[in-house]
Structures are given as structure tokens and as C-alpha cells.
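This report refers to the structure that appears directly beneath it.
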Amino acid sequence: MANSRSGDSVLGRAMRLLESLQQHTGLTPSQMSDYAELPRTTGYRLIAEMTDLGLLQRSSTDRIEPGHRLWEIAQRSRLSRTLRQTALPFMQDVNSVVRHTTQLAVLTDAGVLIVERLSGHGAVVNPAEVAGTMPTHLTSMGHVLLAFSPKHQVEEWISEHRRLVEDQRPALPTELVETRVRGYARISGEINPETTGLSVPVLDSHGHAEASLTVVVPRESEKIPQFLMALQTASHGISRGLRNDAAT
């Protein structure tokens, strides 16, 4: 049985229990405690308290799942209340044109976080899920978010992930410059050999990416220029909506 980490705060322990549910849905209290590296007695006590508060809940099979209070709190975050709500009508317009997956994402330390995702019957395979993360260096989302980030942030990211970049994407710095010049990123066959990811930035008033807007389409599609035009029109609309919201 794993021991708790020395000097751990209660909040830190509770956070690790919640993080266990990011990777594994529907865990038992014992499994959650082990993933969080907590003594099971400590894990059981914290899980019971968090369940009483609505942060966790038990399923019909006695598995632990995120609770309704977490969902309610998350809906008040800027990602959901402002970015997602502003972007959603424009994403629906793009999706009606492309008829494959359309998604909105932001850059985090863990990778590219999917904020919203629209798809439909017949869409190409796409492993991205809402609230999940995708690799920054292998996705068009990640490339466009890095390319339109402040220079010092890009340098810090490349420095922190130098081994990853050198092993898998040695030309990344050059690719980011090219992405910024042309205004969009296009990556084919990295996540799925049959698909292309096409991304444009949603820019703030300083010209930095607040988010990326992406479609995942068949790799050999002849409609890439049409899809790109739809993305660019939508991203301008989202950027304008976010600026108007910030001004009110």
C-alpha cells in the first residue's frame, strides 16, 4: 500500500484523488487511494467527505465518479462561461460546412485541452474528447497555439520539452515560424494516418492565441481550402465576441 507524501496538505491529497478520475473513470475508493499514493484509511475519509460535499458521487455499482458540484463549478469558469459559449454558435456553423469533427482547445502545461467538440454521423476517427488533452507537438491545435503565443512562452515550452521535440519533432521551431506566417497549421497522419488536422488561432487584442479552432477531416479531402475559409471566418467572429465581452 502506498504511503502519503511527506508534508502533503489536505488540499493536495484531495486534488490527487480528483486527478485519479481524469485518467480512470469509475474507480473504487481503494483504487483511487492507491493512484493518489494515499493510505487507504486517509483516502476513504477524504472520499467520504468529498462525496458529502457533492464533489464526488457513487455510481450504482459503488464506483466513485465526479460529482454534480464539480460540474456546476466548472460551468462558471471562463473556459465554459465565456470562451465556450462565445465559440459554440460559430463552431456549429463550421460543423455544418465541414461535416466532420470541429473542436475548440487551449494550451496547458499538460498538453492541448479540448474545451468543446462537435461531430456527427460519418465523421472521421478522432480520439480527442472534451476535457481531455492531446500532445502539443503532434497536433495542428498545438502548433497554432504555440505559434501565436508570446515569444518567451514558446521558448520556455521548447526548453522544457527539448528532449521530446528533438526525438519526435526536431523541425518544430521552423514549423512554428511557418505557421505564424501563413496563419494556420495543417498536420496530416500524425494522430491517425487517414486524417488531417487543420487549425487556426482565436486571437486576443494583442495578437496572441486564446484558443485554437480545429477541424479533423479526411487526409485527401479536396475541400481543405473551403474548410480553412470557414475556420478563419469563425475564428474572427469568436475573437470579436470575446473582445466585446471583455469590454462590457
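Side chain of R219 to main chain of P193: a donor-acceptor pair is present (N/O by atom type, distance under 3.5 Å, no hydrogens or angles). The backbone N or O of M141 sits less than 3.5 Å from a side-chain atom of S199, completing a donor-acceptor pair. Checking side-chain atoms of R13 against main-chain N and O of L38 turns up no donor-acceptor pair under 3.5 Å. S159 contributes no side-chain N or O that, together with a main-chain N or O of E155, makes up a donor-acceptor pair within less than 3.5 Å. A donor-acceptor contact shorter than 3.5 Å is absent between the side chain of T86 and the backbone of I238. Between the side chain of T233 and the backbone N or O of A230 there is no donor-acceptor pair closer than 3.5 Å. Put simply, the side chain of R180 gets close to the backbone of A147: a donor and an acceptor are under 3.5 Å apart.
Contact check on D204 versus R243 returns no salt bridge, with no Lys/Arg side-chain nitrogen under 4.0 Å from an Asp/Glu carboxylate oxygen. Taking 4.0 Å as the cut-off between side-chain N and carboxylate O, E72 and R76 do not count as a salt-bridged pair.
When all heavy atoms of A209 and V144 are compared, the pair lying nearest together is CB-O, 4.4 Å. Across all non-hydrogen atoms, the minimal contact from L18 to L70 is CD2-CD1, 3.8 Å. Heavy atoms only, all atoms of each residue included: A128 and R117 are closest at O-NE, 2.8 Å. Across every non-hydrogen atom of I191 and M134, the tightest pair is CG2-CE, 4.0 Å. Closest heavy-atom contact between A234 and L213: CB-CD2, 3.6 Å. The two residues S188 and T196 make their nearest non-hydrogen contact at OG-OG1, 2.7 Å.
You'll find the side chain of T195 stays beyond 4.5 Å of the side chain of V125, heavy atoms only. The shortest side-chain heavy-atom distance between V106 and E210 does not fall under the 4.5 Å cut-off. A heavy-atom distance below 4.5 Å is found between the side chains of Y44 and S33. M15 places none of its side-chain heavy atoms less than 4.5 Å from the side chain of L11. Between R169 and L138 the shortest side-chain heavy-atom distance falls below 4.5 Å. Taking 4.5 Å as the limit, every side-chain heavy atom of N126 sits out of range of all side-chain heavy atoms of N192. Taking the side chain as every heavy atom from C-beta outward, W157 and T136 approach each other to under 4.5 Å. Annotation: side chain of R84 is not in contact with side chain of L79 (no heavy-atom distance under 4.5 Å).
Taking hydrophobic clusters as Ile, Leu, Val, Met, Phe, Trp and Tyr residues chained together by side-chain heavy-atom distances below 4.5 Å, V216 does not share a cluster with I187. Residues L17 and L21 share a single hydrophobic cluster, defined by chaining ILVMFWY side chains whose heavy atoms lie under 4.5 Å apart. The hydrophobic cluster containing L203 does not contain L231, counting ILVMFWY residues as joined when their side-chain heavy atoms lie under 4.5 angstrom apart, directly or transitively. Cluster annotation: V94 is not connected to V124 through the hydrophobic network of ILVMFWY side chains, with a link wherever side-chain heavy atoms come within less than 4.5 Å. The hydrophobic clustering, which links ILVMFWY residues whose side-chain heavy atoms are closer than 4.5 Å, places L145 and L242 apart.
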Next item on the list: Evaluate the criterion side chain to side chain contact (heavy atoms under 4.5 Å, CB included) for residue pair Q153 and L107; output intermediate values, then yes/no.
Entry: CA-CA 11 Å; Q153 291 184 8; L107 188 63; 5.9 Å; no
Notebook entry, point to check: Run the side chain to side chain contact (heavy atoms under 4.5 Å, CB included) check on V217 and K223 step by step: do they pass?
Noted result: CA-CA 9 Å; V217 299; K223 297 182 178 180; over 6 Å; no
Note to self: If you apply the rule side chain to side chain contact (heavy atoms under 4.5 Å, CB included), what do you find for D8 with E37, and how did you get there?
What the structure shows: CA-CA 11 Å; D8 231 357; E37 300 182 18; over 6 Å; no
Note to self: Between H24 and Q31, is the side chain to side chain contact (heavy atoms under 4.5 Å, CB included) condition met? List the steps.
What the structure shows: CA-CA 10 Å; H24 311 275; Q31 290 171 329; over 6 Å; no
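For the atom pair CZ (R69) and OG1 (T51), the distance works out to 13.0 Å, reported to the nearest 0.5 Å. The distance from the NE2 atom of H100 to the OG1 atom of T214 is 15.0 Å, given to the nearest 0.5 Å. How far OG1 of T102 is from CG of L118: 6.0 Å, rounded to the nearest 0.5 Å. One distance of note links CD1 of I64 with CG of L56; it measures 6.5 Å at 0.5 Å rounding. Here the OG1-CG distance, from T101 to N95, works out to 7.5 Å after rounding to the nearest 0.5 Å. Atom OG1 of T139 and atom CG of L146 lie 8.5 Å apart (nearest 0.5 Å).
Counting heavy atoms of neighbouring residues, nucleotides and ligands inside a 6.0 Å radius, atom CG of D167 exceeds 12 of them. Counting heavy atoms of neighbouring residues, nucleotides and ligands inside a 6.0 Å radius, atom CD of E156 exceeds 12 of them. Atom CZ of R99 has 12 or fewer heavy atoms from other residues, nucleotides or ligands within 6.0 Å.
Evaluation of the ring pair (Phe, Tyr, Trp, His ring centres under 6.0 Å) rule for H236 yields no partner, not counting sequence neighbours.
Between S30 and T28, the side chains place no donor N or O within less than 3.5 Å of an acceptor N or O (distance only, hydrogens not considered). A donor-acceptor contact under 3.5 angstrom links the side chains of Q168 and H137, judged on distance only.
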